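Just dropping this structure here.
Because the structure is predicted, anything quoted here is derived from the model rather than measured. Atoms within a ligand are numbered from 1 in the order they appear, just like the ligands themselves.
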Amino acid sequence: MRITIIGLGLIGGSAALAWKQAHAEGRFPGGSLSITAVDTNPATLSLALERGIADRVTPSIAEGVLDADLVLLAVPVLAMGAVMKEVDRAAPVDAVITDAGSVRGSVITAVRMNARPERIRHYVPLHPIAGAEKAGLEFATPTLYRGATGVVTPLPESDLEDVALVVDLWRAAGLTVVEMTPEEHDRIYAMVSHVPHMIAFALMDMAVSSPESRTALAAAGGGFRDTTRIAAADARMWADITRANRTAILDGISRFEAALTHLKGLVAADDYEGYRTYFERTAEARREINSSLPPVQAGKSGGDAGKD
Ligand SMILES: NC(=O)C1=CN([C@@H]2O[C@H](COP(=O)(O)OP(=O)(O)OC[C@H]3O[C@@H](n4cnc5c(N)ncnc54)[C@H](O)[C@@H]3O)[C@@H](O)[C@H]2O)C=CC1
Ligand SMILES: O=C(O)C(=O)Cc1ccc(O)cc1
């Protein structure tokens with residue numbers, strides 16, 4: 001199988017490494033494997049060749065997708081439409097297209113607007129819920145996806161064989177795949193990923209705005225570090241996600257404000273029983289995440305998308 005990855009950063013590079021490893025271990029579902037990398041950053045392409053992450057590299061999308069069986073779009077979400085336009089012009093008409101973007105609704109719309117209608121049958125969006133606060137190929141690792149969840153959001157037109165192929169490929173990289181509708185995906189990831197990032201950014205802003213910030217940050221313990229780790233994430237990526245999922249993020253921020261206002265009220269009233277009960281409830285909910293339940297089979301569209 002000839003895979004072309006457009007955007008060989010943390011996500012695209014880790015996918016390449018994971019698939020190469022699966023292939024070396026005889027677990028790659030697509031038979032033979034050859035990876036072509038396309039990236040606008042020449043240093044990334046040099047590194048990809050130097051480390052054997054890709055077999056071929058090119059800055060040209062047209063050249064990179066010419067004979068592709070499958071194309072993975074792993075560029076920032078607001079770049080997906082422009083990239084798809086170039087892919088559409090040059091890729092074989094039956095090439096499977098998938099994208100790893102963090103937002104579904106607006107990315108799917110951008111892909112639809114920039115591809116001929118018959119291509120959409122071969123388009124299978126799948127968002128790996130694995131990453132880090134570090135961007136770029138230098139941080140890519142073959143184990144990034146191991147044990148993580150992936151969310152596939154097939155379109156009404158999606159070819160079922162293509163859906164199964166994309167799911168199998170990501171499973172070989174280590175993901176457990178669940179299925180959601182795009183709307184469900186964007187609401188849920190606003191709540192468990194996008195808004196938590198907004199809160200981490202705001203928490204950092206609060207800390208650095210304090211006159212005592214230097215002393216405070218140097219003296220902060222694990223709790224502050226844990227809750228703000230993701231504030232170090234890539235600014236361009238998060239600006240793109242914010243615009244692309246703005247409505248759901250605004251709704252999530254409002255719900256967070258309501259939760260914080262409720263807690264503030266308990267503290268203001270010094271309602272000891274009230275806030276103790278509140279902490280008990282949230283602690284119990286948080287501990288449940290640790291009890292290693294299988295990934296949530298979200299959505300009425302239903303459950304585990306792949307076949308076992
Ligand atoms: N970083 C994370 O934790 C996660 C990110 N994602 C999504 O995956 C996608 C990629 O994110 P990362 O790999 O983290 O970013 P990254 O910044 O590490 O990599 C993006 C790569 O795309 C290249 N690029 C940008 N525009 C391009 C274009 N027009 N044509 C070709 N190459 C281009 C950049 O040079 C860079 O190498 C984004 O859509 C992001 O929302 C999904 C899951 C997790
Ligand atoms: O750094 C972390 O813990 C993350 O949560 C990474 C992440 C960022 C964006 C996504 O779309 C999915 C995962």
Problem set entry | Identity and separation of the nearest protein heavy atom to atom 20 (C) of ligand 1 | A74 O, 3.8 Å

Problem set entry | Nearest option to atom 37 (O) of ligand 1, as decided by whichever heavy atom of T44, I11, D39, I129 sits closest | D39

For this session: Check ligand 1 against M80 and write out every atom of the ligand that is under 4.0 Å from a heavy-atom position of the residue.
Result: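 Result: 39 (O).
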
Problem set entry | N or O contact, S193 vs ligand 2, cut-off under 3.5 Å |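 Min N/O separation from ligand 2 is not below 3.5 Å for S193.
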
For this session: Among all protein heavy atoms, pick the one closest to atom 19 (O) of ligand 1 and tell me residue, atom and distance.
Result: G9 CA, 3.2 Å

Exercise. Among protein heavy atoms, which sits nearest to atom 24 (N) of ligand 1, and what does the distance come to when rounded to 0.1 Å?
Worked result: T40 OG1, 3.6 Å

For this session: Heavy-atom contacts with H127 under 4.0 Å: which atoms of ligand 2 show up? List them by number with element.
Result: 10 (C), 11 (O), 12 (C)

Problem set entry | For atom 43 (C) of ligand 1, the protein heavy atom that lies nearest, with its residue and separation |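 It is P128 O, 3.2 Å.
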
Exercise. Starting from atom 4 (C) of ligand 2, which protein heavy atom do you reach first, and at what distance in Å?
Worked result: H197 CE1, 4.3 Å

Exercise. Do any N or O atoms from the side chain of T143 and from the backbone of R146 form a donor-acceptor pair under 3.5 angstrom?
Worked result: no

Exercise. Which atoms of ligand 1 have any heavy atom of G131 under 4.0 Å away?
Worked result: 2 (C), 3 (O)

Seminar exercise, completed: Candidates A232, G101, A100, G131; heavy atom nearest atom 6 (C) of ligand 2 found on G131

Exercise. Quick one: does atom 41 (O) of ligand 1 have a protein heavy atom under 4.0 Å from it?
Worked result: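 So atom 41 (O) of ligand 1 has protein heavy-atom neighbours under 4.0 Å.
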
Exercise. Are R276 and E280 close enough for a salt bridge, meaning some N to O gap below 4.0 Å?
Worked result: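 Salt bridge: yes.
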
Seminar exercise, completed: Here the atoms of ligand 2 under 4.0 Å from any heavy atom belonging to M237 are 9 (C)

Problem set entry | Closest protein heavy atom to atom 15 (O) of ligand 1, given as residue, atom name and distance to 0.1 Å | L10 N, 4.6 Å

For this session: From atom 26 (N) of ligand 1, work out which of A15, G7, A43, P76 has a heavy atom at the shortest distance.
Result: P76

For this session: Measure the OG1-CG distance between T109 and N114 for me, rounded to the nearest 0.5 Å.
Result: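 Taking OG1 in T109 and CG in N114, the distance rounds to 11.0 Å.
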
Problem set entry | Distance (rounded to the nearest 0.5 Å) between L217 CG and R225 CZ | 9.0 Å

Exercise. Among protein heavy atoms, which sits nearest to atom 38 (C) of ligand 1, and what does the distance come to when rounded to 0.1 Å?
Worked result: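 For atom 38 (C) of ligand 1, the nearest protein heavy atom comes out as V75 O, 3.2 Å.
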
Problem set entry | Top protein contact for atom 8 (C) of ligand 2, by heavy-atom distance |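 For this ligand atom, the closest protein heavy atom is W238 CZ2, 3.9 Å.
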
Problem set entry | Interatomic distance, Q21 atom CD to T141 atom OG1 [nearest 0.5 angstrom] |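 Q21 CD to T141 OG1: 8.5 Å, rounded to 0.5 Å.
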
Problem set entry | Atoms in ligand 1 flagged as close to H127, the criterion being non-hydrogen separation under 4.0 Å | 42 (C), 43 (C)

Exercise. Counting each atom of ligand 1 from 1 as listed, which ones have a heavy atom of A100 under 4.0 Å away?
Worked result: 6 (N), 7 (C), 8 (O), 42 (C)

For this session: Report yes or no: does a heavy atom of K134 sit under 4.0 Å from some atom of ligand 1?
Result: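 Per 4.0 Å heavy-atom rule, K134 does not contact ligand 1.
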
Seminar exercise, completed: Note: A233, heavy atoms under 4.0 Å from ligand 1, region reported as neither

Exercise. Backbone, side chain, both or neither: what part of V83 comes under 4.0 angstrom of ligand 1, heavy atoms only?
Worked result: side chain

Exercise. In the single-linkage hydrophobic clustering (I, L, V, M, F, W, Y; side-chain heavy atoms under 4.5 Å), do M198 and F224 co-cluster?
Worked result: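 M198 and F224: separate clusters.
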
For this session: Please could you name the atoms of ligand 1 that G136 approaches to less than 4.0 Å, counting only its heavy atoms?
Result: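 Under 4.0 Å from G136, ligand 1 has these atoms: 16 (P), 18 (O).
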
Exercise. For ligand 1, does M237 get within less than 4.0 Å through its side chain, its backbone, both, or neither, judged by non-hydrogen atoms?
Worked result: side chain

For this session: For D39 and L45, indicate whether the former's side chain and the latter's backbone hold a donor-acceptor pair under 3.5 Å.
Result: no

Exercise. Among protein heavy atoms, which lies nearest atom 6 (N) of ligand 1, and at what distance?
Worked result: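 Among all protein heavy atoms, the one nearest atom 6 (N) of ligand 1 is S102 OG, 3.4 Å.
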
Exercise. Just how far is it from atom CG of N245 to atom CZ of R187, taken to the nearest 0.5 Å?
Worked result: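 Answer rounded to 0.5 Å: 11.0 Å.
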
Problem set entry | Member of I249, I230, T242 meeting the side chain to side chain contact (heavy atoms under 4.5 Å, CB included) criterion with H197 | I230

Problem set entry | Separation between OH of Y272 and OG1 of T277, rounded to the nearest 0.5 Å | 10.0 Å

Problem set entry | Mode of A82 contact toward ligand 1 - side chain, backbone, both, neither (heavy atoms, under 4.0 Å) |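 A82 to ligand 1: no contact under 4.0 Å from either part.
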
For this session: Following the transitive rule for hydrophobic clusters with a side-chain heavy-atom cut-off under 4.5 Å over Ile, Leu, Val, Met, Phe, Trp and Tyr, establish whether V87 and I11 coincide in one cluster.
Result: no

Exercise. Is there a donor-acceptor contact under 3.5 Å linking the side chains of D270 and Y275?
Worked result: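 Yes, a side-chain donor-acceptor pair sits under 3.5 Å.
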
Exercise. Distance from M1 atom CE to W19 atom CH2, nearest 0.5 Å?
Worked result: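 Reported to 0.5 Å precision, the distance equals 9.0 Å.
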
Exercise. Are R104 and D99 within salt-bridge range, i.e. N to O under 4.0 Å?
Worked result: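 Yes, charged N to carboxylate O under 4.0 Å.
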
Exercise. Considering only heavy atoms of G101, which atoms of ligand 1 have at least one such atom less than 4.0 Å away?
Worked result: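 Near G101, the atoms of ligand 1 are 39 (O).
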
For this session: Measure the distance from atom 44 (C) of ligand 1 to every protein heavy atom, then report the residue, atom name and distance (to 0.1 Å) of the closest one.
Result: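 Looking at atom 44 (C) of ligand 1, the protein heavy atom closest to it is A130 O, 3.1 Å.
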
For this session: For the pair D159 and R121, find out whether any cationic side-chain nitrogen is under 4.0 Å from an anionic carboxylate oxygen.
Result: yes

Exercise. What atoms of ligand 1 come within less than 4.0 Å of a heavy atom belonging to A135?
Worked result: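 Answer, ordered by atom number: 17 (O), 18 (O).
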
Exercise. Are R281 and Y278 in a cation-pi contact, defined as NZ or CZ under 6.0 Å from the six-membered ring centre and within 45° of the axis?
Worked result: yes

Exercise. So which protein heavy atom does atom 1 (O) of ligand 2 come closest to, and at what separation?
Worked result: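 Checking every protein heavy atom, the shortest distance to atom 1 (O) of ligand 2 gives R229 NH1, 3.2 Å.
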
Exercise. With P76, which of D240, D234, I241 fulfils side chain to side chain contact (heavy atoms under 4.5 Å, CB included)?
Worked result: D240

For this session: Return a yes/no value for S102: is any of its N or O atoms, backbone included, closer than 3.5 angstrom to an N or O of ligand 2?
Result: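 S102 vs ligand 2: N/O contact under 3.5 Å present.
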
Exercise. Which ligand 1 atoms does N41 reach within 4.0 Å, using its non-hydrogen atoms?
Worked result: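 That gives atoms 35 (O) of ligand 1.
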
Exercise. Can D55 and K20 be counted as an ion pair, charged N to O under 4.0 angstrom?
Worked result: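 So D55 pairs with K20 through a salt bridge.
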
